[in-house]
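Each chain gets a letter, A, B and so on, in the order the sequences are listed, and its residues count up from 1. Scope of the values below: all heavy atoms of this structure, side chains included, with no hydrogens, waters or symmetry mates.
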Protein chains: 2
Amino acid sequence: METDGAAVLPITASCSPAARSCRSHSEAERKRRQRINGHLATLRSLLPSAARMDKATLLGEVVRHVRELRGIADEVASSSVPCEGDEVGVEDEMVEGGCGRVRAWVCCADRPGLMGELSQAVVAARARAVRAEMTTVGGRTRSVLELELVGGSAAIDGEARSAIRAALREVLLDDRNRSVDRFKRQRTSNRFGTAAL
Amino acid sequence: METDGAAVLPITASCSPAARSCRSHSEAERKRRQRINGHLATLRSLLPSAARMDKATLLGEVVRHVRELRGIADEVASSSVPCEGDEVGVEDEMVEGGCGRVRAWVCCADRPGLMGELSQAVVAARARAVRAEMTTVGGRTRSVLELELVGGSAAIDGEARSAIRAALREVLLDDRNRSVDRFKRQRTSNRFGTAAL
DNA sequence: CTCGACACGTGAGGC
DNA sequence: TGCCTCACGTGTCGA
């Protein structure tokens, strides 16, 4: 490889228009190639794993990275937007080394003290939050909890899942009981000016 | 374009070894090209914005996406690992449409009720959490709060920042005062069996 | 020697 | 017409 060098063709002076266009053609083509290869080199430097790779396998690796990063981004984006209806949910984590974790979420109107109530719900379900993430936008909050049982690596069965779901539902009902005399039940853009965690 | 078609060269029957190697050479080269272009097509399908793009500009767009997705992934990863030393921090958000938000974080030992204390700290600083994220691993917790002032789009000045920092520091001190008689100050793998949010 | 990877120039086809 | 992109075959260098 490395036969490159942009060797100037030995066309000395005035040349026929055919030769001129031919020369500019090959020159433009070379320019195009070096644009592509420039971006390719950028990708090669951007990818940590692989310098010294076949241009083809490099592109394959780029495909892989784009796919996995897109998966992460989609996951983040999907968990970042609270929906407009109240809901709770519990589903199993699909981590390959997953030792019995679940992902639980609750979406409701924002209010002060919600975080504390969620904490109580978790302990009531005999669970423990390894990761928590909550997003508030326009007075509505979505909380995603990654839970495992307190005992340690005890497998989470249907009973534990329903316990978690019940505890979160109670948080939801508390929300409605408190706010039903102040706001409409749902679909109300209830912005608390001082809403906190 | 689309001059493709794998046209069989009109070499009829037995051919000289030179011709044989020449043919297999161009064939191999064609195979290589279609590997590259296959991955390129995959990338083109993977990228939502750009079908019908120059092979070069497509690669440029791929570079852009990899860069931005890598930024997101790094941000997630960096905020996901609690450090082993206690610390609090406040820094300005660098969103282009950013109307005065700050990113505040506190890293300390996990304990029940920490989430509630963080909530109180936020209201004490006259702030509001638009987004909260906390990660617990090995008994240590890192909480990242995206805050804005309660008044609405009031710009956050140094005074507000220091108020937030002070409130979070108080959370940290509460932690030490409560746990100093039960555990060593630091570097202790203190796993609460019932540690909650 | 053969294989695989690369840059090159060139003809074809699309605006 | 001219410019631009693409696929093709070829020369060449290194394993």
Side-chain angles (χ1 to χ4, degrees), chain A residues 1-70, chain B residues 1-70:
Chain A
M1 62 180 75
E2 285 306 315
T3 323
D4 204 345
V8 182
L9 291 181
I11 299 179
T12 52
S14 66
C15 36
S16 67
R20 277 187 65 96
S21 71
C22 170
R23 169 158 164 73
S24 85
H25 181 34
S26 60
E27 212 169 290
E29 178 64 13
R30 180 160 49 233
K31 194 64 181 157
R32 166 178 171 270
R33 267 197 300 266
Q34 85 184 24
R35 261 185 10 207
I36 295 182
N37 287 335
H39 285 154
L40 232 46
T42 306
L43 280 177
R44 192 178 272 109
S45 74
L46 217 54
L47 242 58
S49 58
R52 307 299 173 187
M53 246 188 181
D54 282 2
K55 199 187 293 192
T57 41
L58 165 69
L59 282 179
E61 209 67 8
V62 168
V63 167
R64 207 176 57 82
H65 272 252
V66 167
R67 279 217 172 96
E68 94 180 24
L69 291 183
R70 171 168 297 272
Chain B
M1 63 181 69
E2 284 307 315
T3 323
D4 204 345
V8 181
L9 292 182
I11 299 179
T12 53
S14 65
C15 37
S16 68
R20 278 186 65 94
S21 70
C22 171
R23 170 160 164 71
S24 84
H25 182 34
S26 59
E27 215 169 283
E29 177 65 10
R30 182 161 47 235
K31 194 66 179 151
R32 167 178 172 270
R33 269 197 300 267
Q34 83 185 24
R35 258 176 29 200
I36 294 182
N37 288 335
H39 285 155
L40 231 47
T42 306
L43 280 177
R44 191 177 275 109
S45 75
L46 217 53
L47 242 58
S49 60
R52 306 300 173 188
M53 246 187 180
D54 283 2
K55 197 188 291 190
T57 41
L58 166 68
L59 282 179
E61 209 66 8
V62 169
V63 166
R64 208 177 56 82
H65 272 251
V66 167
R67 278 216 172 96
E68 94 179 23
L69 292 182
R70 172 167 296 272

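Put simply, CZ on B:R23 is 17 Å from C1' on C:dC3, counting in whole angstrom units. We find that CD of B:E29 is positioned 16 Å from P of D:dC6, with the value rounded to whole Å. Straight-line distance from the CZ atom of B:R30 to the C1' atom of C:dC6: 18 Å, rounded to whole Å. In this structure, B:I36 places its CD1 atom 12 Å from C1' of C:dG4, rounding to the nearest Å. Rounded to an integer number of Å, the gap from A:N37 CG to C:dA5 P is 15 Å. The CZ atom of A:R44 sits 13 Å away from the P atom of C:dA5 (whole-angstrom rounding). Rounded to whole Å, the distance from NZ on B:K31 to C1' on C:dC3 is 16 Å. Regarding B:R33, its CZ atom lies at a distance of 13 Å from the P atom of C:dC6, rounded to whole Å.
Partners of A:R67 by side-chain hydrogen bond (donor to acceptor under 3.5 Å, both in side chains), not counting sequence neighbours: none found. Scored by the side-chain hydrogen bond (donor to acceptor under 3.5 Å, both in side chains) test, A:R64 finds A:E61 as partners (sequence neighbours excluded). For A:R32, the salt bridge (Lys or Arg N to Asp or Glu O under 4.0 Å) test picks out A:E29, with sequence neighbours left out. Residues passing the side-chain hydrogen bond (donor to acceptor under 3.5 Å, both in side chains) test with B:E68, sequence neighbours excluded: none. Partners of A:E27 under the side-chain hydrogen bond (donor to acceptor under 3.5 Å, both in side chains) rule, at least two apart in sequence or in another chain, do not exist in this structure.
A:H39 places no side-chain N or O within donor-acceptor distance of the main-chain N or O of B:T57, the cut-off being under 3.5 Å.
When each of A:S24 and B:M53 is assigned the nucleotide of DNA chain D with its nearest heavy atom, A:S24 is the one assigned upstream, toward the 5' end.
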>> Between B:N37 and B:K55, is the side chain to side chain contact (heavy atoms under 4.5 Å, CB included) condition met? List the steps.
In response: CA-CA 9 Å; B:N37 288 335; B:K55 197 188 291 190; 3.5 Å; yes

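Overall, the helix from C:dT2-D:dA15 to C:dC15-D:dG2 carries an axis bend of 0° between its ends, with five pairs at each end and the value rounded to 10°.
B:H25 contributes no side-chain N or O that forms a donor-acceptor pair with the base of C:dG4 under 3.5 Å.
Heavy atoms of A:R35 sit under 4.0 angstrom from primed sugar atoms or phosphate atoms, though from no base atom.
Nearest nucleotide to the B:R32 side chain, out of D:dC6, C:dC6, C:dT10: C:dC6.
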